[in-house]
Asks: 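Right, I'll just put the structure down here and ask away after.
In what follows, chains carry the letters A, B, and so on, assigned in the order in which the sequence lines appear, proteins first and then strands, with residues in each chain numbered from 1. Just so you know, these numbers use all the heavy atoms, side chains as well, and skip hydrogens, waters and symmetry mates.
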There are 2 protein chains.
Amino acid sequence: MLSESVKDCIRALIYLALNQDKEYISVKEIAVKLNLPFFFLAKNIQKLVKEGILDSYRGPKGGITFKKPLNEIRILDIIKSIDGDSLFRKCILGFEECSDDNPCAIHQRWVPEREHLKELFSQSLQDIVNDIKVGKVKNIKL
Amino acid sequence: MLSESVKDCIRALIYLALNQDKEYISVKEIAVKLNLPFFFLAKNIQKLVKEGILDSYRGPKGGITFKKPLNEIRILDIIKSIDGDSLFRKCILGFEECSDDNPCAIHQRWVPEREHLKELFSQSLQDIVNDIKVGKVKNIKL
DNA sequence: TCAATTTAAGATAATTTTATCTTAAATTTT
DNA sequence: AAAATTTAAGATAAAATTATCTTAAATTGA
């Protein structure tokens with residue numbers, strides 16, 4: 001469903017969102033705290049920097065921080081930046097051209113589900129942070 | 001979402017379901033008609049034979065046929081046979097242990113969606129064939 | 001029986017994804 | 001200025017997925 005890269009990045013950004021007090025947080029710290037492979041995470045984080053979701057700063061005291069407010073960063077944006085948007089756009093059976101007029105055998109049942117998925121991932125980091133901070137969800141895994 | 005193998009198999013089985021008049025249909029015929037790579041399809045079809053979804057018969061006039069009635073073969077069964085059931089069972093962020101008591105940050109929102117997906121794929125080949133034969137869906141791509 | 005056809009099984013190869021490493025550049029602290 | 005820290009970029013490697021091929025076994029029909 002989601003690639004390893006995306007999963008890592010989502011976790012990293014939730015961690016970052018929950019620790020926004022400091023100016024910059026190093027990728028190293030995130031990798032250690034979340035037990036993620038540093039080099040792999042660093043490479044994927046770079047993509048989010050290029051996409052304009054994160055800002056980065058080198059040197060000691062350097063690290064990454066958000067470039068946008070949390071409520072403007074959706075899980076969907078993270079997924080699109082890393083994996084692309086094919087999951088929310090393409091035919092479930094892989095047909096290049098599959099539409100209402102020219103549907104695959106599952107099209108009419110799949111399209112609403114696809115929209116449903118898109119909605120789910122439209123939750124923002126702010127939404128997630130709220131769930132956690134309000135205590136709606138406890139013993140959260142990061 | 002779904003592997004190439006699964007997509008090919010679903011398409012192949014829908015084709016098979018729509019052409020059940022003959023006793024056996026060769027994998028070759030399906031591969032040609034659906035423009036699928038023969039060797040790849042043949043290998044994956046073998047798994048469905050082993051899973052008890054299909055029967056096969058060698059030699060000229062040989063091929064494959066269903067081992068169960070169409071209403072007992074769900075898309076879910078095809079997916080499980082080829083890709084496994086992790087999509088419908090595992091945590092969206094990849095945590096091995098993620099439950100209501102010990103959830104990841106997206107758990108509570110993901111679980112209902114996962115159930116929704118499972119329901120979608122619980123449609124049987126018979127359901128799909130009905131949609132097509134009743135003319136509910138036209139210009140279908142196979 | 002023999003040739004043709006078709007699945008069975010597994011070896012091999014190509015591609016993509018995931019993971020790791022190396023070097024460089026920027027920045028801070030001493 | 002020098003040392004330490006951290007991201008940047010891209011090379012390299014490992015693993016998983018996808019694709020192809022080869023040989024064998026079974027079956028049919030001439």
Asks: Categorize A:Lys7 for me: base, sugar-phosphate, or nothing, with a 4.0 angstrom heavy-atom threshold over every strand shown.
Replies: nothing
Asks: Nearest whole Å is fine: how far is C:dA8 P from B:Glu51 CD?
Replies: 14 Å
Asks: Do the side-chain N and O atoms of A:Ser3 and A:Asp83 include a donor-acceptor pair separated by under 3.5 angstrom?
Replies: yes
Asks: Please report, rounded to the nearest Å, how far the C1' atom of C:dA9 is from the CG atom of B:Leu41.
Replies: 16 Å
Asks: If I take atom CZ in residue A:Phe40 and atom P in nucleotide D:dA16, what distance separates them, rounded to the nearest angstrom?
Replies: 13 Å
Asks: Remember a base hit wins even if backbone is also touched, and classify B:Glu4 as base, sugar-phosphate or nothing at under 4.0 Å, heavy atoms.
Replies: sugar-phosphate
Asks: Choosing from D:dG29, D:dT18, C:dT28, which nucleotide comes nearest the side chain of B:Lys61?
Replies: D:dG29
Asks: Between B:Tyr57 and C:dT5, is there a contact of a side-chain N or O with OP1 or OP2 at under 4.0 Å?
Replies: no
Asks: Any donor-acceptor pair under 3.5 Å linking the side-chain atoms of A:Tyr15 with those of A:Glu29?
Replies: yes
Asks: What's the CZ-P distance between B:Phe38 and C:dT6, to the nearest Å?
Replies: 9 Å
Asks: Measure from NZ or CZ of A:Lys28 to the centre of the six-membered ring of A:Phe38, then state whether that distance is under 6.0 Å and the direction lies within 45° of the axis.
Replies: yes
Asks: Can you tell me the distance, in whole Å, between the CZ atom of A:Arg58 and the C1' atom of D:dA4?
Replies: 16 Å
Asks: Taking atom P of D:dA9 as reference, at what distance in whole Å does atom NZ of A:Lys47 sit?
Replies: 13 Å
Asks: If you pin A:Ile64 and B:Asp83 to their nearest nucleotides in DNA chain D, which one's is more 5'?
Replies: A:Ile64
Asks: Establish, with yes or no, whether the OP1 or OP2 oxygen of C:dT6 is under 4.0 angstrom from a side-chain nitrogen or oxygen of B:Ser56.
Replies: no
Asks: Rounded to the nearest angstrom, tell me the gap between atom CD in B:Gln46 and atom P in D:dT23.
Replies: 17 Å
Asks: Under a 3.5 Å threshold, yes or no: a donor from one side chain and an acceptor from the other, between A:Ser5 and A:Asn44?
Replies: yes
Asks: A:Gly59 or B:Val49: which one's nearest nucleotide on DNA chain C is closer to the 5' end?
Replies: B:Val49
Asks: In whole angstrom, what separates B:Phe39's CZ from D:dT17's C1'?
Replies: 19 Å
Asks: Checking A:Arg109 against B:Gln123: is there a side-chain donor and acceptor pair closer than 3.5 Å?
Replies: yes
